[in-house]
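Inspection log for the structure reproduced underneath, given as structure tokens.
Heavy-atom basis, side chains included; hydrogens, waters and symmetry copies ignored. Both counts, for ligands and for their atoms, begin at 1 and track the order of listing.
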Amino acid sequence: MASLIFRRRFTHYSPPRSLLHDNLEFYCRSWESKFRTPFSMCQFVRQLSNSARAMKVDFTDLTQPHTWYPKARRKRRNVILHVGPTNSGKTYHALKQLESSCSGIYCGPLRLLAWEVAKRLNKAKVPCDLITGQEREEVDGAKHKAVTVEMADVTSDYDCAVVDEIQMLGCRTRGFSFTRALLGISVDELHLCGDAAAVPLIQEILKVTDDIVKVQYYERLSPLVPLKVPLGSFANIKTGDCIVTFSRREIYSIKKQIENGGKHLCSVVYGSLPPETRTRQATMFNDENSELDVLVASDAIGMGLNLNISRIIFSTLKKFDGVEMRDLSVSEIKQIGGRAGRYRSIFPVGEVTCLDAEDLPLLNSSLSSPSPIIEKAGLFPSFDLLFMYSRLHPTYSMHQTLEHFLENAKLSANYFIADCEEMLKVAAVIDELPLNLNDKYLFCISPVDMSDDISSQGLTQFAQSYSRNGIVRLREIFTPGTLKVPKTQTALKELESVHKVLDLYVWLSFHMEDSFPDRELASSQKAICSMLIEEFLERLGWQKPSPKKLLGRSRLKSLSSQDSRHYF
Ligand SMILES: Nc1ncnc2c1ncn2[C@@H]1O[C@H](COP(=O)(O)OP(=O)(O)OP(=O)(O)O)[C@@H](O)[C@H]1O
Ligand SMILES: [Mg+2]
């Protein structure tokens with residue numbers, strides 16, 4: 001590791017651009033060679049729109065998505081599907097191949113997984129860049145990359161690629177990015193890791209690509225035992241237990257109940273905690289010398305974190321999914337339950353149970369059933385297609401373009417169109433502003449949480465300021481030095497939202513570098529948010545702070561001395 005110099009290079013990185021122009025540029029260059037005439041992109045697009053109109057080309061025809069990736073189609077890829085239950089060594093084996101390849105890319109569903117893989121490869125003296133929507137860590141001489149799946153590079157050639165948790169291609173909102181990686185990565189050897197439920201669909205999808213597909217099945221490396229008795233009461237909690245529940249209010253209430261018993265201290269992990277805070281909470285739980293010996297978590301632990309869990313206890317088997325309260329699915333129960341008993345950890349045998357006896361039948365039947373087969377993969381039009389479509393309908397707003405495109409989209413039986421509710425909400429907001437389609441598309445695909453008031457307000461202000469001045473200074477809407485340790489749940493939630501807005505700024509800064517120049521400030525304020533949240537979590541328990549932690553606290557005090565009532 002010493003010989004590898006991690007360098008943060010805040011330069012414009014090509015994948016976001018290629019995300020927008022996967023193919024247009026490619027076709028433009030092929031036309032140039034075909035007609036032996038140089039085309040500017042602008043001439044090319046004009047020409048293409050005219051011909052499309054004349055030839056009645058239907059840009060909403062998405063029935064052949066494999067043809068969107070000409071570079072990958074020039075190869076006959078060896079595709080190896082590593083499938084099996086959780087904790088069966090699927091990712092481990094795929095990463096071994098990546099590590100021994102000359103060049104490669106790992107695509108994971110979470111930033112935490114990309115971080116872990118970059119760390120692992122660099123430690124093994126295989127220089128590896130880390131690229132997520134919000135981070136670029138480039139390593140000298142790197143020919144490998146660990147990325148979040150949305151950043152999968154479909155424009156370069158690789159020897160080896162790994163797409164982890166490939167069953168997520170069936171996810172309503174993010175599935176299309178897995179489909180893009182599956183069809184689009186130009187690689188000799190493609191390793192796909194995940195649930196066996198995705199095998200028939202992937203085999204079907206890859207029939208038209210001429211790739212060679214092999215399936216490798218895995219068995220669990222350590223036993224997973226469904227218990228016959230429920231936990232009954234939090235008085236029966238033991239070291240190494242993880243209680244799973246689905247609302248942050250419940251998470252904090254359970255943490256309090258357990259800690260009031262005076263025997264255990266709890267780490268917490270849930271979706272809206274900053275990723276670095278989640279990692280640190282998990283690390284403290286894993287550390288045998290730390291006093292935090294119990295975990296209270298949401299389904300955010302279902303993927304990505306390496307946890308030394310002895311027993312998973314479902315406090316409920318119901319979850320609010322944004323629309324309604326529903327039972328957990330078989331695959332959710334298996335994925336979460338399977339976190340108990342990590343191979344080669346201090347708890348090699350995992351156990352699973354519920355808090356209440358009435359949930360045991362559903363738990364046991366789910367654990368013993370196979371996950372239902374995934375029938376369709378997500379798809380979303382590339383910017384190119386939307387762009388060409390909008391040229392044919394120049395009076396449409398972004399919202400109308402998206403809505404009409406999706407309504408008219410034609411799909412083959414293996415695909416469904418991604419759920420674009422969030423994007424349509426953003427489109428409705430930014431259509432009020434004088435922005436071009438490219439900018440609007442970027443705001444639409446940005447990682448904003450429109451159900452969070454502060455987060456959506458942040459996006460609106462960024463877009464307004466950008467359309468007005470062409471440049472967005474963070475200080476216009478955020479005063480550094482105003483953050484402080486939250487004292488209430490409401491203040492905590494607010495700080496989590498502030499973190500999301502800063503995260504959004506960093507994301508935008510990677511796509512529009514000149515217009516969002518304060519990336520470093522936003523990143524440092526994000527780090528402060530995470531520290532303050534951790535400070536809150538620490539104060540919530542009865543743990544005595546160590547002298548080292550007290551030192552950190554006084555530094556934070558000076559940063560948070562002013563009132564933080566409002567940032568946006
Ligand atoms: N052959 C092996 N030798 C040493 N450690 C291994 C081996 N196989 C797997 N492991 C370790 O076991 C743990 C589980 O492996 P891995 O993460 O590959 O499982 P997985 O099947 O991908 O699980 P999940 O479905 O949860 O992603 C990891 O900590 C991994 O490093
Ligand atoms: Mg895995």
Side-chain angles (χ1 to χ4, degrees), residues 80-100 104-124 126 146-149 160-171 178 181-182 190-199 202 215-224 240 242 244 269 278-279 282-283 285-288 295 297 299-312 329-352 366-367 370-371 374:
I80 301 103
L81 271 148
H82 302 262
V83 297
T86 52
N87 197 11
S88 56
K90 306 179 294 287
T91 308
Y92 178 89
H93 283 95
L95 288 180
K96 280 270 167 228
Q97 299 303 316
L98 185 67
E99 211 175 293
S100 61
I105 183 164
Y106 167 88
C107 311
L110 299 169
R111 282 150 84 179
L112 298 174
L113 283 171
W115 290 353
E116 220 172 73
V117 171
K119 200 166 84 187
R120 174 187 160 151
L121 261 63
N122 283 309
K123 203 169 158 195
V126 178
V147 309
T148 37
V149 69
C160 182
V162 176
V163 183
D164 211 355
E165 306 291 350
I166 187 67
Q167 73 282 353
M168 282 191 71
L169 89 174
C171 170
F178 287 82
L182 170 69
L190 175 61
H191 295 267
L192 308 170
C193 309
D195 198 306
V199 172
I202 293 172
V215 188
Q216 225 161 285
Y217 291 93
Y218 291 77
E219 295 296 334
R220 225 185 121 90
L221 294 164
S222 57
L224 185 68
C242 169
V244 177
V269 170
R278 268 185 266 167
T279 311
T283 310
F285 168 71
N286 281 345
D287 181 357
E288 284 175 67
L295 183 64
D299 46 352
I301 56 152
M303 259 183 316
L305 292 163
N306 262 315
L307 295 160
N308 295 336
I309 297 172
S310 138
R311 194 164 54 155
I312 288 275
S329 68
V330 167
S331 44
E332 283 168 333
I333 292 177
K334 286 162 74 98
Q335 182 87 21
I336 300 168
R339 300 287 119 197
R342 201 88 187 155
Y343 180 57
R344 291 198 171 166
S345 77
I346 51 168
F347 300 112
V349 178
E351 296 175 333
V352 190
S366 303
L367 288 174
S371 302
I374 297 168

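With hydrogens and angles disregarded, no donor-acceptor distance shorter than 3.5 Å links the side chain of Asn87 to the backbone of Ser222. Between the side chain of Arg220 and the backbone N or O of Gly338, at least one donor-acceptor pair lies under 3.5 Å. Checked by atom type and distance alone, the side chain of Ser100 pairs as donor or acceptor with a backbone atom of Lys96 at under 3.5 Å.
Within the structure, the closest approach of Glu165 to ligand 1 falls below 4.0 Å when heavy atoms are considered. Between Cys193 and ligand 1 there is no heavy-atom distance shorter than 4.0 Å.
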For the pair Leu190 and Val163, evaluate side-chain contact (heavy atoms from CB on, under 4.5 Å) and give the outcome as yes or no after the intermediate values.
-> CA-CA 8 Å; Leu190 175 61; Val163 183; 4.0 Å; yes
Verdict with supporting geometry, Ile309 and Phe347, side-chain contact (heavy atoms from CB on, under 4.5 Å) = CA-CA 7 Å; Ile309 297 172; Phe347 300 112; over 6 Å; no
Determine, stepwise, if the pair Val269 / Leu295 fulfils side-chain contact (heavy atoms from CB on, under 4.5 Å).
-> CA-CA 8 Å; Val269 170; Leu295 183 64; 3.9 Å; yes
List the steps, then state whether side-chain contact (heavy atoms from CB on, under 4.5 Å) holds for Leu307 with Cys242.
-> CA-CA 10 Å; Leu307 295 160; Cys242 169; over 6 Å; no
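For residue Thr91, an N/O/S atom approaches the Mg ion (ligand 2) to within less than 2.8 Å.
For a threshold of 3.5 Å applied to N or O pairs, the pair formed by Asn87 and ligand 1 contains at least one separation below that value. For ligand 1, the polar-atom distance check finds no N/O of Tyr343 at less than 3.5 Å from any of the ligand's N/O atoms. Not a single N or O atom of Gln335, backbone or side chain, sits closer than 3.5 Å to an N or O atom of ligand 1.
If you run side chain to side chain donor-acceptor pair (under 3.5 Å) between His82 and each of Lys90, His93, His191, only His191 comes through. When Asn306, Asn308, Asn286 are each tested for a side chain to side chain donor-acceptor pair (under 3.5 Å) with Arg342, only one passes: Asn306.
Residue, atom and distance of the protein heavy atom nearest to atom 17 (O) of ligand 1 are Arg342 NH2, 3.0 Å. Atom 4 (C) of ligand 1 has Arg344 NH1, 3.1 Å as its closest protein atom, hydrogens excluded (heavy atom only). Of all protein heavy atoms, the one lying nearest to atom 29 (O) of ligand 1 is Asn306 OD1, 4.0 Å. The protein heavy-atom contact nearest to atom 25 (O) of ligand 1 is Lys90 NZ, 2.8 Å. From the protein, the heavy atom lying nearest to atom 22 (O) of ligand 1 is Thr91 OG1, 2.8 Å. For atom 26 (O) of ligand 1, the closest non-hydrogen atom of the protein is Arg339 NH2, 2.8 Å. The nearest protein atom to atom 30 (C) of ligand 1, hydrogens excluded, is given as Tyr92 CD1, 3.9 Å; this is a heavy-atom distance.
Residue Leu221 has at least one heavy-atom neighbour below 4.0 Å for each of these atoms of ligand 1: 8 (N), 9 (C).
Among Gly108, Gly194, Gly89, the residue whose heavy atom lies nearest to atom 16 (P) of ligand 1 is Gly89.
Note that CD1 of Ile202 and CD of Gln167 are 9.0 Å apart. Values are rounded to the nearest 0.5 Å.
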